[in-house]
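These notes concern the structure reproduced below.
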2 protein chains.
Amino acid sequence: MLNYSTSEENYIKAIYHLQQQDGNVTTNELAAELKAKPASITDMMKKLKAKKLLHYEPYQGFSLSNEGKKVALGIIRRHRLWEYFLAEKLKFTWDEVHEVAEHLEHVSSKKLIDKLDEFLGFPRVDPHGDPIPDQDGKIETSRQVCLLDLPFNKAAVVSHVSDQSTEILELLKHKNIVIGTKLEVKKKFSFDNSMEVKAGRQPVFTISEQLAKNIFVKYGA
Amino acid sequence: MLNYSTSEENYIKAIYHLQQQDGNVTTNELAAELKAKPASITDMMKKLKAKKLLHYEPYQGFSLSNEGKKVALGIIRRHRLWEYFLAEKLKFTWDEVHEVAEHLEHVSSKKLIDKLDEFLGFPRVDPHGDPIPDQDGKIETSRQVCLLDLPFNKAAVVSHVSDQSTEILELLKHKNIVIGTKLEVKKKFSFDNSMEVKAGRQPVFTISEQLAKNIFVKYGA
DNA sequence: AAATATTTTTAGACAAATCTAAATTATTAT
DNA sequence: ATAATAATTTAGATTTGTCTAAAAATATTT
Ligand SMILES: [Mn+2]
Ligand SMILES: [Mn+2]
Ligand SMILES: [Mn+2]
Ligand SMILES: [Mn+2]
């Protein structure tokens, strides 16, 4: 596995995340994600195509090749292991880990990462509940569902929060929700799509549509 | 404190180390240290002078300003804390830590480093025995002396090894010498400047001039 | 003190990564 | 099917960091 520049790595990772949705990624989408101009995207796409990391035909959008996906998963592995380290060992709060991990992820010593993984006890998910790829780039495709779509009275466990802001963290903390919290939906109101939820022995409480949209849960087969 | 590029940081750190000897650093010295061409050094010196990090007049060599020294000590703090982390927590051997730390040192989040320091228990020296600057850039100026210059029968403690190669590590391991080993010099031979040394309860053993040159010790006032 | 050698700087080129503005292609609406 | 709009690419410029080759300054020898 060759080495890539910090810039190339940021592009590759962003494409990986974007293509989870649509499969194909457009110039403008990626430009928005990376806060760069469309012209810069086109330049980099040519370079990454030349390196066989992605499929790209002018005006047709792009998607990672198998090699590109492997590279992306390596970066994501590093990012999430560092996030876990920052939260677990250095006691960073949830909303502080991402920015620092954004830099640490580019230190690409394989030995460093594998030893870090071991030191951390081979964690399966990062502090936001996202799965951590293993040495071979294998990643759990967690069959999770948005809290909005969880059926009534189905016991489920919070597995992921997609927003990473300080603001959502404050709200979740107030409502005693963390990754791993067990809960079930008791009621939904079509007026504002808010819902009432029961978690453990706490009294039932309300969750807004905006909040529920960002919470993902897993529940038994 | 502003942020500097990886390249600028590597230059600043190298100047700091070189000027510990002579006080003033020359273009060729720094070029050799950084494996760059002299022309590149001159270019960067102009830039660092413009940023007031060093004193520089054409043809006169250069040295860090007070601001430059502060920046250097920040980089060295990061480098040595990561080296300690790698050796102590991730069980890297002595000769493996430097290369990885060379990259980690450029992740310049103050919070990251201060929390890492705390997590590690505020270590005073890195795995090579070099002192670690504190948050304010204060660094122990350890009154240490080269083993070559240690008087006979003076009990001293190994505090620093200046070479960091796998080869010297192998030799030191064989002779049971680590940072912290207590020893005294029993005999010196002027023919080859080799010496006989006693450490703890081990039988007396021989150290070559080349090896002694790289070992530094501290001894009581 | 000249001549020679060494060191350092300058001038000009180049690659990487970005940008702005203009040109091109594709999409959407009439 | 045209025209208008939006998305994308191209052309050319800029910044950072590096290099080579030539020029200039300094140091060393004779
Ligand atoms: Mn993250
Ligand atoms: Mn990043
Ligand atoms: Mn080191
Ligand atoms: Mn470095």
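Order of the sequence lines sets the chain letters (A, B, ...), proteins ahead of strands, with each chain counted from 1. Just so it is clear, the model here is predicted, and its values are computed rather than measured.
- In this structure, A:Ile41 atom CD1 and C:dC19 atom P are separated by 8 Å, rounded to whole Å.
- Legend: residues meeting salt bridge (charged side-chain N to carboxylate O under 4.0 Å, His left out) with B:Asp95, ordered by chain and number and at least two apart, are absent.
- Cation-pi geometry between A:Lys188 and A:Phe152 is met: under 6.0 angstrom from the ring centre, within 45 degrees of the axis.
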All N/O pairs under 3.5 Å across the protein-nucleotides 14-16 of chain D interface:
none

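- Residue B:Asn28 has its side chain nearest to C:dT8 when only D:dT9, C:dT8, C:dA26 are considered.
- A salt bridge links B:Asp114 with B:Arg77: the distance from a Lys NZ or Arg NE/NH1/NH2 to an Asp or Glu carboxylate oxygen falls below 4.0 Å.
- Here the rule is salt bridge (Lys or Arg N to Asp or Glu O under 4.0 Å) with A:Arg78, and of A:Glu105, A:Glu83, A:Glu9 only A:Glu9 fits it.
- The OH atom of A:Tyr59 sits 4 Å away from the C1' atom of C:dT25 (whole-angstrom rounding).
- Contacts of A:Ser40 with the nucleic acid, taken as non-hydrogen atoms under 4.0 Å apart, include base atoms.
- A salt bridge does not link A:Lys91 with B:Glu118: every distance from a Lys NZ or Arg NE/NH1/NH2 to an Asp or Glu carboxylate oxygen is 4.0 Å or more.
- Using a 4.5 Å heavy-atom threshold, the side chains of B:Leu172 and B:Ile215 count as touching.
- Remark: P of C:dA16 and CG of A:Leu48 are 12 Å apart, rounded to the nearest angstrom.
- Of the possible polar contacts, none joining the A:Arg80 side chain to the A:Pro133 backbone as a donor-acceptor pair under 3.5 Å is found.
- Mapping A:Thr6 and B:Glu57 onto DNA chain C via the closest heavy atom, the residue that lands nearer the 5' end is B:Glu57.
- Atom pair A:Gln60:CD and C:dA26:P shows a separation of 7 Å (rounding to whole Å applied).
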Show me the protein contacts with nucleotides 10-15 of chain C, counting only N or O atoms at under 3.5 Å.
unit_1 : atom_1 : unit_2  : atom_2 : d
C:dT10 : OP2    : B:Lys46 : NZ     : 3.0

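- A straight line from NZ of A:Lys35 to C1' of C:dC19 spans 18 Å, rounded to a whole angstrom.
- Atom CE in A:Met44 sits about 11 Å away from atom P in C:dC19, given to the nearest Å.
- An OP1 or OP2 oxygen of D:dT18 is reached within less than 4.0 angstrom by a side-chain nitrogen or oxygen of B:Tyr11.
- Residue A:Glu29 contributes atom CD, which lies 15 Å from atom C1' of D:dA6 at whole-angstrom precision.
- When ring centroids are compared, B:Phe85 and A:Phe85 come within the 6.0 Å threshold.
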Quick one: do B:Val197 and B:Lys175 satisfy side-chain contact (heavy atoms from CB on, under 4.5 Å)? Show the steps, please. CA-CA 11 Å; B:Val197 166; B:Lys175 292 188 193 285; over 6 Å; no

